[in-house]
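Nothing here was measured: the structure is a model prediction, and the numbers come from that model. Quick note on labels: first sequence line is chain A, next is B, and so on, each numbered from 1.
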There are 2 protein chains.
Amino acid sequence: MADDLRPEQLQTYFALVEATALLHHAVEQHLRADGGLSYVQFQLLARLAGSAGQLTMTELADGVVYSRSGLTHQAGLLEKAGLVTRGPSPDDQRATLVTITDAGRALVEKVLPGHVEVVRSLLFDPLSEEDLPRLGDIMTRVRDHMRALPPRSVTTRKRRTATGDDRRSPS
Amino acid sequence: MADDLRPEQLQTYFALVEATALLHHAVEQHLRADGGLSYVQFQLLARLAGSAGQLTMTELADGVVYSRSGLTHQAGLLEKAGLVTRGPSPDDQRATLVTITDAGRALVEKVLPGHVEVVRSLLFDPLSEEDLPRLGDIMTRVRDHMRALPPRSVTTRKRRTATGDDRRSPS
DNA sequence: TATTGTTATACTCTATAACTATA
DNA sequence: TATAGTTATAGAGTATAACAATA
C-alpha cells in the first residue's frame, strides 16, 4: 500500500480523506434533516445569498457542480421548491439569471446556525489556535494549486466499467 | 455568511471543502478511467489487500460505507467482476467472509501508481516539508475526534425534502 | 433478543448526447 | 463558429424496510 508516497504522506492522505468524508457526511445529514437540502443545493443557495442575490447559471456552476445538466437539474429543483427563480438576463440573451427568493434566503438563514455548529464541533473543536492558520494556509494553497492545474475536465475517457455488467450475453 | 465562525475559520472551512472536493473528483476520474472502479470500490479492495486478504462484511464496511445494503451492493459488483469472492465464515456462521482474488490484487496494483501520482501532484506538490507533518497531525486529530463523537448514525430523521415533490395531491 | 447479511425497492445525483437560441 | 442553457435519458450510488439465519 506504500507504493511511492512516503508513509508520512500516505498517513496524511488517509487522515485527510477520512476526516473530510466524515465531515461531509455529517454536514449532509444535518442539511437534509434541518432544511431538506443536499450539500450542493445549500452551496448554490449560499452562493446566491452571498453574491448580491443573483447569478447566471455559468457563474453559479463554477466550482460547485461539474456538468451543465447537473446544474440545470438542481436549479430546477430549487425553483420548484420556491427557493430561487429563473429569468432571462438583460445583458446576454442566452444567459439565465438565477435569483434567490425571500424563502431561499430564509432557508439559508434557518439552516446556517446548525451548519456552522456542526462544522465547529467536528472540525474546529479539536484544533488549537495555532492549528487554524496553518490548516487555512495549507488548504488555501492546495486549493489554488488544484484550481490552476486542470482545465476543469480531465479527459473524460470512455469509462470502462470493471464492475459493470460485461454484457457479453446478447440481450 | 459569517454566522458564528470567525472569518478565519470560515475561510479555512471553505478551502478545505473545495480542495478535498477537487481532490476527490480527480481521484475518482482516474480510478474510473484506469481501473473502472469507484472510489468506494477501490477503498474496499485496498482494505482487503492490506488486511491479510479477507475480512467479514462488517469489518469491511467500517469507515467506508454507511449502510449494510450499500456494502452488499458493492461487494456484489466486485464479486461479479471477479475481484473478490464471498463465502461463509468458519468462526461465525452468520458472517460472510470476503476474499480478494488474484485479479483483485492485480487491479489494485495496476491502479495504485496512478492513484498515488494524482495524490502527489494535486495534494503534496504545493506542500513544503514543514507542511506535511502539520497537516498530518491536524487531520489525524480531527479524524480521531470525529470517529469518537457520533455513534456512526446521527439520528436519521424522517427526511423532509424541501426540494422534493411535496406530494400534496393525492397522487 | 441482538447481530449478520441479503433482498427489494425507490430515490437522488450526475453525466452524455442531442438540441435550441443567441453572440 | 462558439457559448449558454435545456431536455431526455441512462447509470451509479445509497438508503429504508422487510426478511432470514445464526448467536
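- The distance between atom CG of B/L31 and atom C1' of D/dA12, rounded to the nearest whole Å, is 15 Å.
- Not counting sequence neighbours, the partners of B/R120 by the side-chain contact (heavy atoms from CB on, under 4.5 Å) test are A/D4, A/L5, B/V116, B/E117, B/F124, B/D125.
- B/V65 comes within 4.0 angstrom of nothing in the nucleic acid, heavy atoms only.
- One distance of note links CG of B/L83 with OG1 of B/T99; it measures 13.0 Å at 0.5 Å rounding.
- For B/Q74, no side-chain nitrogen or oxygen approaches OP1 or OP2 of D/dA12 to under 4.0 Å.
- Listed by chain and number, the residues in a side-chain contact (heavy atoms from CB on, under 4.5 Å) with A/A61 are A/L71 (sequence neighbours excluded).
- Counting to the nearest Å, the P atom of D/dG5 and the CG atom of A/L60 are 9 Å from each other.
- Listed by chain and number, the residues in a ring pair (Phe, Tyr, Trp, His ring centres under 6.0 Å) with B/Y39 are B/H24 (sequence neighbours excluded).
- Judged as a ring pair (Phe, Tyr, Trp, His ring centres under 6.0 Å), the pairs with a partner in residues 84-123 of chain B (not counting sequence neighbours) are, in order, A/Y13-B/H115, B/F42-B/H115.
- Between the C1' atom of C/dC13 and the CD atom of A/Q43 lies a distance of 14 Å, rounded to the nearest Å.
- A close approach under 4.0 Å does not occur between any side-chain nitrogen or oxygen of B/R32 and OP1 or OP2 of C/dT14.
- Look at CG on B/L77: it is 12 Å from C1' on D/dG11, rounded to the nearest Å.
- Residue A/Q41 is in sugar-phosphate contact alone, with no base atom involved, counting any heavy-atom pair closer than 4.0 Å across all strands shown.
- As rounded to whole Å, 20 Å separates atom C1' of D/dG11 from atom OH of A/Y66.
- Nucleic acid contact for A/S89: none, since no nucleic acid atom lies under 4.0 Å from a heavy atom of the residue.
- B/Q93 places its CD atom 14 Å from the C1' atom of D/dA20, with the value rounded to the nearest Å.
- Residue pairs that meet the ring pair (Phe, Tyr, Trp, His ring centres under 6.0 Å) test with at least one member in residues 75-94 of chain B, sequence neighbours left out, do not exist here.
- Both A/V40 and A/D91 lie close to DNA chain C; mapped to their nearest nucleotides by heavy-atom distance, the more 5′-ward contact belongs to A/V40.
- A side-chain N or O of A/S128 and one of A/D131 form a donor-acceptor pair less than 3.5 Å apart.
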Original post:
How would nucleotides 2-9 of chain C be written as a contact map, 5' to 3', with B for base contact, S for sugar-phosphate-only contact and - for no contact, using protein heavy atoms under 4.0 Å?
Top reply: -BSBBBB-
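- Atom pair A/E28:CD and C/dC13:C1' shows a separation of 10 Å (rounding to whole Å applied).
- Taking atom NE2 of A/H24 as the reference point, atom C1' of C/dC13 lies 12 Å away to the nearest angstrom.
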